[in-house]
Peer 1: 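One structure follows; several queries about it will come next.
Since this is a predicted model, take the numbers as computed values, not measurements. So you know, we letter chains A, B, ... as the sequences are listed, proteins then strands, and number each from 1.
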Protein chains: 2
Amino acid sequence: MSTTVHAGSTERLLTPGEVAALFRVDPKTVTRWASAGRIGSIRTPGGHRRFRESEVRSMLADLTSEATLPPARP
Amino acid sequence: MSTTVHAGSTERLLTPGEVAALFRVDPKTVTRWASAGRIGSIRTPGGHRRFRESEVRSMLADLTSEATLPPARP
DNA sequence: GATCACTAGGGTAATTAGGGTC
DNA sequence: CTTGTCCTAATTACCCTAGTGA
């Protein structure tokens with residue numbers, strides 16, 4: 001089947017180990033995220049998982065979103 | 001110059017426990033710093049926090065220059 | 001065809017988050 | 001006002017063996 005895999009697939013896929021290194025977690029944890037549906041995953045014919053780099057980077061963009069810097073007073 | 005954050009994915013991350021060990025405080029205290037916006041943090045999909053090593057080192061450097069600087073001698 | 005690194009899967013400890021209190 | 005400690009629930013880390021990927 002020649003599907004339209006040519007257009008938007010310039011997307012780089014990351015392995016569980018690579019994603020784990022970016023988040024500073026164990027590769028098994030990344031697998032658990034995929035099983036829980038917290039992160040999109042693509043399975044190889046053999047059952048291994050691959051993750052979209054753009055999606056992973058979007059999650060990492062959550063920098064300093066804890067507090068909304070209140071008016072600093074001296 | 002200031003630290004630019006546009007390529008931050010290659011940044012090494014530290015766990016709350018590691019940061020706590022560096023500052024000699026309780027991990028709970030590190031969590032409070034993050035909640036107060038005193039330190040930047042990245043959240044894993046599971047809700048756990050990760051901290052940038054470079055930022056932590058900068059804060060540690062500030063502590064060193066706080067009172068450990070004797071009169072500079074020529 | 002054979003080798004090596006990585007991954008899936010399950011099960012059990014260790015960390016962390018969150019609130020409340022001193 | 002900041003820190004340390006109490007609790008419970010959730011998330012994560014490390015153990016193993018077999019299969020997949022390159």
Side-chain angles (χ1 to χ4, degrees), chain A, chain B residues 3 5 7-70:
Chain A
M1 297 97 119
S2 45
T3 30
T4 9
V5 198
H6 219 310
S9 288
T10 321
E11 177 65 67
R12 192 153 99 103
L13 295 179
L14 302 177
T15 64
E18 291 174 322
V19 178
L22 292 176
F23 277 95
R24 186 54 171 93
V25 295
D26 194 270
K28 299 320 195 256
T29 301
V30 180
T31 296
R32 201 177 302 109
W33 293 343
S35 298
R38 289 199 238 243
I39 183 176
S41 63
I42 301 176
R43 311 273 297 210
T44 67
H48 285 197
R49 284 173 244 252
R50 296 288 121 95
F51 305 90
R52 302 180 184 280
E53 185 183 35
S54 59
E55 184 179 358
V56 172
R57 285 187 178 273
S58 301
M59 295 176 162
L60 281 170
D62 278 339
L63 257 184
T64 323
S65 51
E66 286 283 345
T68 327
L69 282 199
R73 40 235 214 77
Chain B
T3 44
V5 207
S9 302
T10 326
E11 173 66 64
R12 191 148 52 140
L13 300 177
L14 299 177
T15 64
E18 291 172 331
V19 177
L22 291 175
F23 279 94
R24 282 289 189 164
V25 295
D26 198 88
K28 182 79 170 181
T29 300
V30 179
T31 296
R32 287 187 190 145
W33 292 346
S35 297
R38 276 191 260 259
I39 183 174
S41 62
I42 299 177
R43 311 275 289 211
T44 67
H48 284 201
R49 284 177 249 254
R50 297 284 119 100
F51 304 91
R52 294 180 169 276
E53 186 186 36
S54 59
E55 185 176 358
V56 173
R57 285 177 182 267
S58 299
M59 301 176 80
L60 283 172
D62 275 357
L63 291 183
T64 341
S65 61
E66 183 89 2
T68 319
L69 263 187

Peer 1: If I take atom OG1 from residue Thr44(B) and atom CZ from residue Arg49(B), how far apart are they, to the nearest 0.5 angstrom?
Peer 2: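 The OG1 atom of Thr44(B) sits 10.0 Å away from the CZ atom of Arg49(B).
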Peer 1: From Leu13(A) CG over to Ser41(A) OG, what is the distance, rounded to the nearest 0.5 angstrom?
Peer 2: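 One finds 11.0 Å between CG of Leu13(A) and OG of Ser41(A).
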Peer 1: Apply salt bridge (charged side-chain N to carboxylate O under 4.0 Å, His left out) to Glu53(A) and list each qualifying residue two or more places apart in sequence or on a separate chain.
Peer 2: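 Residues passing salt bridge (charged side-chain N to carboxylate O under 4.0 Å, His left out) with Glu53(A): Arg12(A), Arg57(A).
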Peer 1: With sequence neighbours left out, what residues match Arg24(A) under side chain to side chain donor-acceptor pair (under 3.5 Å)?
Peer 2: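 Result, side chain to side chain donor-acceptor pair (under 3.5 Å) vs Arg24(A): Glu18(B).
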Peer 1: Mind grabbing the angle between the end helix axes of the helix from dT3(C)-dA22(D) to dG19(C)-dC6(D)? Five pairs an end, 10° rounding.
Peer 2: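 Answer for the end axes of this duplex: 60°.
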Peer 1: Quick one, give me the B/S/- string for nucleotides 8-22 of chain D, reading 5' to 3', where B means a protein heavy atom under 4.0 Å from the base and S means that only happens at the primed atoms, P, OP1 or OP2.
Peer 2: ---BBBS----BBS-
Peer 1: Just to confirm, is there a sub-4.0 Å distance from OP1 or OP2 of dT7(C) to any side-chain nitrogen or oxygen of Arg49(A)?
Peer 2: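 For Arg49(A), the contact criterion (side-chain N or O under 4.0 Å from OP1 or OP2 of dT7(C)) is not met.
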Peer 1: How would you list, by chain and number, every residue that makes a salt bridge (charged side-chain N to carboxylate O under 4.0 Å, His left out) with Arg32(A), sequence neighbours excluded?
Peer 2: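 By the salt bridge (charged side-chain N to carboxylate O under 4.0 Å, His left out) rule, Arg32(A) matches no residue at all.
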Peer 1: Quick one: salt bridge (charged side-chain N to carboxylate O under 4.0 Å, His left out) partners of Arg38(A), sequence neighbours excluded?
Peer 2: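 For Arg38(A) there are no salt bridge (charged side-chain N to carboxylate O under 4.0 Å, His left out) partners, ignoring immediate neighbours.
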Peer 1: Do the side chains of Val56(B) and Ile39(B) get nearer than 4.5 Å, heavy atoms only?
Peer 2: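 The answer is yes, as the side chains (C-beta and beyond) meet within the 4.5 Å cut-off.
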Peer 1: Does anything in residues 25-60 of chain B form a ring pair (Phe, Tyr, Trp, His ring centres under 6.0 Å)? List the pairs, not counting sequence neighbours.
Peer 2: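 Only Phe23(B)-Trp33(B) qualify under ring pair (Phe, Tyr, Trp, His ring centres under 6.0 Å).
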